[in-house]
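A short write-up of the structure that comes next.
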Amino acid sequence: MSSRKSRSRQSGSSRINDDQILDLVTKLQQLLPETRNRRSEKVSAAKALQETCNYIKSLHREVDDLSERLSELLETTDTTQAAIIRNLLMQ
């Protein structure tokens with residue numbers, strides 16, 4: 001028995017059909033800055049998923065970079081300013 005058949009039996013009624021997958025891929029494409037303006041261009045689901053993964057990775061790198069820069073900023077400011085910045089971030 002193939003793994004696809006066994007998965008479909010296990011998932012029962014929660015199985016996602018092709019139309020739902022296409023709808024989800026379209027929604028993903030609308031969230032990505034690179035593909036948001038290419039509405040007329042057809043992109044494969046695999047390409048859309050790859051672009052989504054790349055975008056999420058870039059967001060992670062950006063968060064890491066910003067966190068590092070913030071840590072450096074907090075280390076170089078006086079205690080009062082650092083406390084104000086921390087309070088602003090917690091809001």
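Keep in mind that this is a model prediction, so the values were computed, not measured.
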- Spatial distance of atom OG1 (T52) from atom CG (L28) [nearest 0.5 Å]: 4.0 Å
- Could I get the full list of side-chain contact (heavy atoms from CB on, under 4.5 Å) partners for S71, not counting sequence neighbours? none
- Which residues pass the salt bridge (charged side-chain N to carboxylate O under 4.0 Å, His left out) test with R69, sequence neighbours left out? D65
- Message: According to side-chain hydrogen bond (donor to acceptor under 3.5 Å, both in side chains), who are the partners of K57, at least two apart in sequence or on a separate chain?
- Response: none
- Applying salt bridge (charged side-chain N to carboxylate O under 4.0 Å, His left out), which residue pairs with at least one partner in residues 72-89 are found, sequence neighbours left out? none
- Message: List the residues meeting side-chain hydrogen bond (donor to acceptor under 3.5 Å, both in side chains) with Q50, not counting sequence neighbours, and say none if there are none.
- Response: N54
- Message: Using a 6.0 Å cut-off, check whether atom CD of Q20 has over 12 heavy atoms from anything other than its own residue.
- Response: yes
- Message: A quick test of your reading: do over 12 heavy atoms of other residues, nucleotides or ligands sit less than 6.0 Å from CG of D18?
- Response: no
- Item | Reported CG-to-NZ distance for the pair L24 and K27, which is rounded to 0.5 angstrom | 6.0 Å
- Query: How far does NE2 of H60 sit from OH of Y55, to the nearest 0.5 angstrom?
  - Reply: 11.5 Å
- Do the side chains of I56 and L31 join up, straight or via other hydrophobic residues, at under 4.5 Å, putting them in one cluster? no
- What pairs with L70 under side-chain contact (heavy atoms from CB on, under 4.5 Å), at least two apart in sequence or on another chain? L73, L74, I85, L89
- Message: Please check this pair: side chain of E51 against backbone of A48, looking for a donor-acceptor N/O pair closer than 3.5 Å.
- Response: no
